[in-house]
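Accompanying notes for the structure given below.
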Amino acid sequence: MEEPGVAPVATESFTGVPSLITTAQIREAMEALAAELLAGDGDVLLAEGAQGWRLVTHPRFAAWVRLLRHEPPPVRLSPSSLETLAVVAYRQPVTRAEIEQIRGVSAEAGLAKLLERELVCVVGRAELPGRPIQYGTTEAFLEFVGIRSIDELPASDVLSPRQIDAWLQSANQPRAANDSDMGLDETEETQLSLESAAAKAPEATP
């Protein structure tokens with residue numbers, strides 16, 4: 001007996017649908033549908049992001065969509081902000097002091113711009129004196145770069161945590177001052193060791 005006000009469900013609509021669908025089958029179907037929409041050059045595309053699959057407008061309509069939504073045109077990040085963003089992405093969670101030590105310049109302006117655009121966020125505090133704030137990337141950063149997770153970032157020997165830890169450790173270790181630090185010339189033409197000076201000195205006459 002059917003309930004009042006409820007439309008009957010056509011059972012023939014489910015004919016041929018498997019009772020168990022795997023994740024791999026769902027991904028294959030979504031990828032095939034995305035490729036079909038892309039090849040059709042239609043108004044919408046199927047794009048995969050950090051939160052799953054979404055229907056999005058074609059990039060050629062971006063300017064018109066911005067006008068309809070009264071949004072300003074996108075502004076490019078400065079090289080300084082991009083460098084700061086790269087350090088945060090590969091190093092996170094990272095403090096401002098660590099970013100400044102890696103880049104060698106102040107990171108205050110770059111971090112402020114990245115926080116304003118929601119590409120970076122506060123993720124906690126470091127277990128260090130003063131409990132400095134730690135920064136990490138956001139889901140907006142994943143969409144900005146076009147990846148689904150941080151694991152899809154290209155490998156980097158320069159910005160990997162292991163390489164940076166080794167560099168910071170060596171940079172913080174004291175070393176003995178050499179002739180260059182004292183302002184002396186280290187070239188062989190002007191600086192002679194005691195052995196070479198003794199060999200070149202004329203023999204004393206009796």
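- For Glu100, the side chain to side chain donor-acceptor pair (under 3.5 Å) test picks out Arg96, with sequence neighbours left out.
- Atom CG of residue Leu128 and atom OG1 of residue Thr95 lie 7.0 Å apart, to the nearest 0.5 angstrom.
- More than 12 non-hydrogen atoms from other residues, nucleotides or ligands lie less than 6.0 angstrom from CD of Glu31.
- By the 6.0 Å contact criterion, CZ on Arg60 is enclosed, its count of non-hydrogen atoms from other residues, nucleotides or ligands being greater than 12.
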Determine whether Leu111 and Tyr135 satisfy the following criterion, side chain to side chain contact (heavy atoms under 4.5 Å, CB included), listing intermediate values before the conclusion. CA-CA 9 Å; Leu111 277 175; Tyr135 300 93; 3.8 Å; yes
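- Closest approach of Leu114 and Leu77 over heavy atoms only: CD2-CD1, 4.2 Å.
- Ile150 places a side-chain heavy atom less than 4.5 Å from the side chain of Gln92.
- Within the 4.5 Å cutoff, no side-chain heavy atoms of Gln134 are placed close to those of Arg125.
- At least one side-chain heavy atom of Val87 sits under 4.5 Å from a side-chain heavy atom of Arg103.
- Between Pro154 and Tyr90 the shortest heavy-atom distance is O-OH, 2.6 Å.
- In terms of heavy atoms, Leu38 sits closest to Leu45 at CA-CD2, 3.8 Å.
- Following chains of ILVMFWY side-chain contacts shorter than 4.5 Å, one cannot reach Val123 starting from Phe144, and the two form parts of different hydrophobic clusters.
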Report the C-alpha separation of Leu37 and Leu55 in whole Å, then their side-chain angles, then the decisive distance to 0.1 Å, and conclude whether the side chain to side chain contact (heavy atoms under 4.5 Å, CB included) test is met. CA-CA 10 Å; Leu37 290 174; Leu55 281 174; 4.3 Å; yes
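- No side-chain donor-acceptor contact under 3.5 Å links Thr84 and Ser81.
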